[in-house]
S.K.: 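Quick one: this structure, given as structure tokens, is what I'll be asking you about.
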Amino acid sequence: MGSFHNILILITFFIEVAVLCYLELKAWKTIYTPLNFLMLPYVVILVLSIILSGKFGFVEFYYPSILFWSVGLLLFSIPSFFFAFITQKADKRCHNEVIQERKMPQFLLWLSVALCLLFVYRTYSFLGSTSFYIGSDDFGLSYAGQGFWGHLRIVTLPLLIMAIYFVDKSNLWLWIIILMFFFVGILYNVKGWIIIPVVAGMAMRLYTGKSKLKLSFFLYLLTGGLLIFLLAYLVLPMIAANKEEVTSEMLTFVFEHFSHYLVSGTYGLSIDMQLGYPDSGDFEILWAPIVNMINVITGNGELVLPINPYYFHSGINLTNVRTFFGTLFIYTNCWQFIWYTLLSSSIMYMLKLITLKWSNVYIYVIYFFECGLLAMGWFEFYYFHLVVFELPVMVLILWFVDELIFSKETVISSNHEARQI
């Protein structure tokens with residue numbers, strides 16, 4: 001395909017994004033909506049993909065792969081405008097909603113401290129018994145990727161989101177919890193599950209006005225992402241190998257893999273399209289959590305693995321991710337692609353309406369966590385992982401326990417003190 005067609009695809013897509021972003025702002029009076037979480041990060045990564053195309057060792061980017069997103073975003077926008085119209089929330093709601101809780105609930109603080117202590121014990125005992133290298137997939141899976149410790153790690157995700165939201169000058173000690181949960185995520189070594197709660201927590205701060213959207217905000221995010229890669233690919237491996245000297249080759253390796261990670265989804269889809277989609281699979285892969293739960297309950301025992309087994313080389317490293325709409329496409333036919341996109345968008349916007357009715361931290365954590373999954377759409381389709389269903393259920397349980405037991409105790413204590421006076 002010639003350069004004229006490539007430029008036409010790109011310009012048309014940018015015009016579409018600009019129009020959808022404008023209409024979304026008019027409809028909801030805020031930029032913090034599911035469509036924008038899905039759309040805007042992809043635009044940034046797309047620009048980076050084009051800049052790197054054919055340079056620094058990367059293969060050429062295939063522009064027609066953008067068409068999946070052109071179609072997908074149009075479909076995803078339909079429920080947004082439908083729900084905005086029928087509820088008339090766009091004219092009645094300000095984007096700057098206030099969460100009821102002014103500080104992190106006491107129950108969640110004690111739970112966070114308990115989890116920190118448990119993972120201190122887990123880390124100490126595991127490092128003394130494992131033969132796996134820090135930073136390897138086997139190490140992360142054995143450390144906190146399955147079983148009891150895997151589920152405990154998932155509990156840390158909503159608590160991390162809340163700690164990021166509530167931390168301020170009067171609660172600086174929350175940084176201890178944040179850094180400890182970061183450390184657990186880094187040892188687990190799946191960077192997406194570090195990025196997603198950070199995005200969710202920061203989005204809550206921006207949405208409620210606790211933080212301001214400035215250039216420094218994006219610089220902090222970029223710096224934080226780079227530090228995560230330095231820890232995962234440089235610092236921890238050096239500690240494990242007892243190395244003390246940082247070489248230029250080691251730094252080059254980290255920066256190459258950082259760049260590769262950012263564009264691995266767009267380049268994975270680009271190469272996949274050129275090869276004719278050899279990784280096309282069954283529709284049930286998109287429903288892997290539900291299918292697996294049914295199979296476990298019925299005793300079928302056959303689990304569906306949502307991880308793509310096809311790896312393509314970007315010129316720097318291998319990738320098996322295809323972005324949100326790329327993965328959706330390879331596991332669907334035309335009609336399945338349409339109705340699945342409409343259904344997922346509808347669920348997200350119904351969840352947004354719920355946040356407008358119940359402005360408490362628990363509902364916001366669920367909503368912004370799901371938006372965080374969309375924000376990683378430039379990388380992969382995350383909705384075929386069990387955590388997508390497990391985390392909201394855990395948050396609702398925490399909300400129930402807090403309201404039923406701890407809030408009730410506070411009310412009883414307050415009434416008792418009042419009678420004494």
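These numbers come from a predicted model, not from an experiment.
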S.K.: Which atom pair, heavy atoms only, marks the closest approach of Y63 to I50?
M.R.: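 So the two residues come closest at OH-CG2, 3.2 Å.
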S.K.: Is any side-chain heavy atom of S264 closer than 4.5 Å to one of N317?
M.R.: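 They are not in contact (no side-chain heavy atoms under 4.5 Å apart), so the answer is no.
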S.K.: Using a 3.5 Å distance criterion without hydrogens, assess whether the side chain of S345 forms a donor-acceptor pair with backbone atoms of L342.
M.R.: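 No; judged by distance alone, with no hydrogens or angles, the pair does not exist.
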S.K.: Would you indicate whether the side-chain heavy atoms of Y382 and I196 approach each other to under 4.5 Å?
M.R.: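 In short, these two side chains touch, coming nearer than 4.5 Å.
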S.K.: Enumerate, atom names and distances included, each donor-acceptor pair closer than 3.5 Å involving a side-chain atom of residues 169-185, sequence neighbours excluded.
M.R.:
unit_1, atom_1, unit_2, atom_2, d
S170, OG, D168, OD1, 2.8
N171, ND2, D168, OD1, 3.0

S.K.: Please check if the distance between the ring centroids of W149 and F119 is under 6.0 Å.
M.R.: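 Between W149 and F119, the centre distance is under 6.0 Å.
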S.K.: Would you say T156's side chain and R153's backbone share a donor-acceptor pair under 3.5 angstrom?
M.R.: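 A pair under 3.5 Å: yes.
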S.K.: Do any N or O atoms from the side chain of S65 and from the backbone of Y62 form a donor-acceptor pair under 3.5 angstrom?
M.R.: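 Here the side-chain-to-backbone pair exists.
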S.K.: Step by step, would you call T123 with Y143 a side-chain hydrogen bond (donor to acceptor under 3.5 Å, both in side chains)?
M.R.: CA-CA 8 Å; T123 304; Y143 172 71; 2.7 Å; yes
S.K.: Identify the residue among F37, F368, Y165 that makes a ring-ring contact (aromatic ring centres under 6.0 Å, His included) with Y207.
M.R.: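 Option passing the ring-ring contact (aromatic ring centres under 6.0 Å, His included) with Y207: F368.
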S.K.: If the condition is side chain to side chain donor-acceptor pair (under 3.5 Å), which residues does Y340 pass it with, not counting sequence neighbours?
M.R.: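 If we apply the side chain to side chain donor-acceptor pair (under 3.5 Å) test to Y340, skipping adjacent residues, there are no hits.
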S.K.: In the structure I gave you, are the side-chain heavy atoms of C21 and N36 within less than 4.5 Å of one another anywhere?
M.R.: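 In contact.
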S.K.: Are any non-hydrogen side-chain atoms of I51 and F56 less than 4.5 angstrom apart?
M.R.: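 The answer is no, as the side chains (C-beta and beyond) never meet within the 4.5 Å cut-off.
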S.K.: Determine, stepwise, if the pair C371 / Y32 fulfils side-chain contact (heavy atoms from CB on, under 4.5 Å).
M.R.: CA-CA 9 Å; C371 286; Y32 304 107; over 6 Å; no
S.K.: Does a donor on one side chain and an acceptor on the other come within less than 3.5 Å for H385 and E390?
M.R.: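 No pair is found: no donor N or O on one side chain lies under 3.5 Å from an acceptor on the other.
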S.K.: How many angstroms lie between CE in M394 and NE2 in H151, if you round to the nearest 0.5 Å?
M.R.: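 If I round to the nearest 0.5 Å, the distance is 6.5 Å.
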S.K.: If you take all heavy atoms of S314 and H260, which pair is closest and at what distance?
M.R.: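 So the minimum-distance heavy-atom pair works out to OG-ND1, 2.9 Å.
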S.K.: Would you indicate whether F400, at its atom CZ, is surrounded by more than 12 heavy atoms from other residues, nucleotides or ligands within a distance under 6.0 Å?
M.R.: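 For F400, atom CZ is not crowded (no more than 12 foreign heavy atoms under 6.0 Å).
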S.K.: For a quick test of reading the model, state the closest non-hydrogen atom pair linking I366 to P392 and the distance between them.
M.R.: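 Closest pair (atom of I366, atom of P392, distance): CD1-O, 3.8 Å.
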S.K.: More than 12 heavy atoms of other residues, nucleotides or ligands under 6.0 Å from NZ of K55: yes or no?
M.R.: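 It does: K55 NZ has more than 12 such atoms within range.
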S.K.: Near D137 CG, under 6.0 Å, is it more than 12 heavy atoms from other residues, nucleotides or ligands?
M.R.: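 Result for CG/D137: open.
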S.K.: For side-chain contact (heavy atoms from CB on, under 4.5 Å), just list the numbers for L374 and M39, CA-CA rounded to whole Å, side-chain angles, deciding distance to a tenth of an Å, and then say yes or no.
M.R.: CA-CA 8 Å; L374 290 177; M39 177 171 60; over 6 Å; no
S.K.: Report yes or no: does T130 contribute a side-chain atom to a donor-acceptor pair with the main-chain N or O of L127 at less than 3.5 Å?
M.R.: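 Pair absent, no side-chain N/O of T130 close to backbone of L127.
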S.K.: Assess whether side-chain contact (heavy atoms from CB on, under 4.5 Å) is satisfied between I66 and S70, documenting all intermediate values.
M.R.: CA-CA 6 Å; I66 301 173; S70 296; 4.3 Å; yes
S.K.: List the atom pairs, donor and acceptor, that lie under 3.5 Å between side-chain atoms in residues 78-85 and the rest of the protein, sequence neighbours left out.
M.R.:
unit_1, atom_1, unit_2, atom_2, d
S80, OG, E24, OE1, 2.7
S80, OG, E24, OE2, 3.3
S80, OG, W28, NE1, 3.0
S80, OG, Y349, OH, 3.4

S.K.: How long is the straight-line distance from CG of L303 back to CG of L305, given to the nearest 0.5 Å?
M.R.: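 Spacing of CG (L305) from CG (L303) equals 7.0 Å.
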S.K.: So that I know where these two stand, are F381 and F325 an aromatic pair - ring centroids less than 6.0 Å apart?
M.R.: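 No, too far apart.
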S.K.: Start with the C-alpha distance between T327 and E380, add both sets of side-chain angles, then the distance that settles side-chain hydrogen bond (donor to acceptor under 3.5 Å, both in side chains), and finish with yes or no.
M.R.: CA-CA 7 Å; T327 296; E380 178 59 300; 2.3 Å; yes
S.K.: For residues S142 and R122, report the shortest heavy-atom separation together with the two atoms involved.
M.R.: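 Between these two residues, the closest heavy atoms are O-NH2, 2.7 Å.
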S.K.: Got a sec, which residues hit ring-ring contact (aromatic ring centres under 6.0 Å, His included) with Y42, two or more places apart in sequence or on another chain?
M.R.: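 Result, ring-ring contact (aromatic ring centres under 6.0 Å, His included) vs Y42: F13, W69.
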S.K.: Roughly how far, to the nearest 0.5 Å, is the NE2 atom of H257 from the CG atom of L262?
M.R.: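 The distance works out to 13.0 Å.
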S.K.: Specify the closest pair of heavy atoms between I164 and V198, including all atoms of both residues, with the distance to one decimal.
M.R.: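 Reported closest heavy-atom pair: CD1-CA, 3.8 Å.
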S.K.: With a 4.5 Å cut-off on side-chain heavy atoms, are W399 and N360 touching?
M.R.: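 Touching, per the 4.5 Å side-chain cut-off.
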S.K.: Could you state the interatomic distance from NZ (K191) to CH2 (W193), rounded to the nearest 0.5 Å?
M.R.: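 Answer rounded to 0.5 Å: 14.0 Å.
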S.K.: Excluding sequence neighbours, so at least two apart, what forms side chain to side chain donor-acceptor pair (under 3.5 Å) with R205?
M.R.: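 Counting only residues at least two positions away or on another chain, R205 forms a side chain to side chain donor-acceptor pair (under 3.5 Å) with S211.
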S.K.: Angle class for the F324/Y383 ring planes (parallel below 30°, perpendicular above 60°, tilted otherwise)?
M.R.: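 Answer is perpendicular, since the angle exceeds 60°.
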S.K.: With a 6.0 Å cut-off on ring centres, are Y367 and F369 close enough?
M.R.: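 No.
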S.K.: Flag the pair E370 / V388 as yes when at least one side-chain heavy-atom distance between them is below 4.5 Å, and no otherwise.
M.R.: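 Yes, at least one pair of side-chain atoms sits under 4.5 Å.
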S.K.: Do any N or O atoms from the side chain of S53 and from the backbone of S49 form a donor-acceptor pair under 3.5 angstrom?
M.R.: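 Such a contact is absent between S53 side chain and S49 backbone.
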S.K.: Pairs of donor and acceptor atoms involving the side chains of residues 279-289, under 3.5 Å and at least two apart or interchain, shall be tabulated with distances.
M.R.:
unit_1, atom_1, unit_2, atom_2, d
D279, OD2, N308, ND2, 2.9
D279, OD2, R322, NE, 2.9
D279, OD2, R322, NH2, 3.4
S280, OG, Y277, O, 3.1

S.K.: Test your reading of the model: is there a side-chain donor-acceptor pair from N320 to the backbone of P309, 3.5 Å cut-off?
M.R.: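 Answer holds: no.
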S.K.: Roughly how far, to the nearest 0.5 Å, is the CG atom of L46 from the OG1 atom of T266?
M.R.: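 Result: 7.0 Å between the selected atoms.
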S.K.: Is there a side-chain contact between W378 and L38 (heavy atoms, below 4.5 Å)?
M.R.: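 SC-SC contact between W378 and L38 ruled out.
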S.K.: Show your reasoning for whether side-chain contact (heavy atoms from CB on, under 4.5 Å) applies to Y261 and T319.
M.R.: CA-CA 9 Å; Y261 181 82; T319 174; over 6 Å; no
S.K.: Could you state the interatomic distance from CH2 (W339) to SG (C334), rounded to the nearest 0.5 Å?
M.R.: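 It comes to 13.5 Å.
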S.K.: Are side-chain N/O atoms of D402 and Y362 paired as donor and acceptor at under 3.5 Å?
M.R.: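 Side chains of D402 and Y362: pair found under 3.5 Å.
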S.K.: Would you say L328 and Q336 make side-chain contact, with heavy atoms under 4.5 Å?
M.R.: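 They are not in contact (no side-chain heavy atoms under 4.5 Å apart), so the answer is no.
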S.K.: Which heavy-atom pair separates Y364 from T355 by the least distance, and what is that distance?
M.R.: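 That closest heavy-atom pairing would be CE1-O, 3.7 Å.
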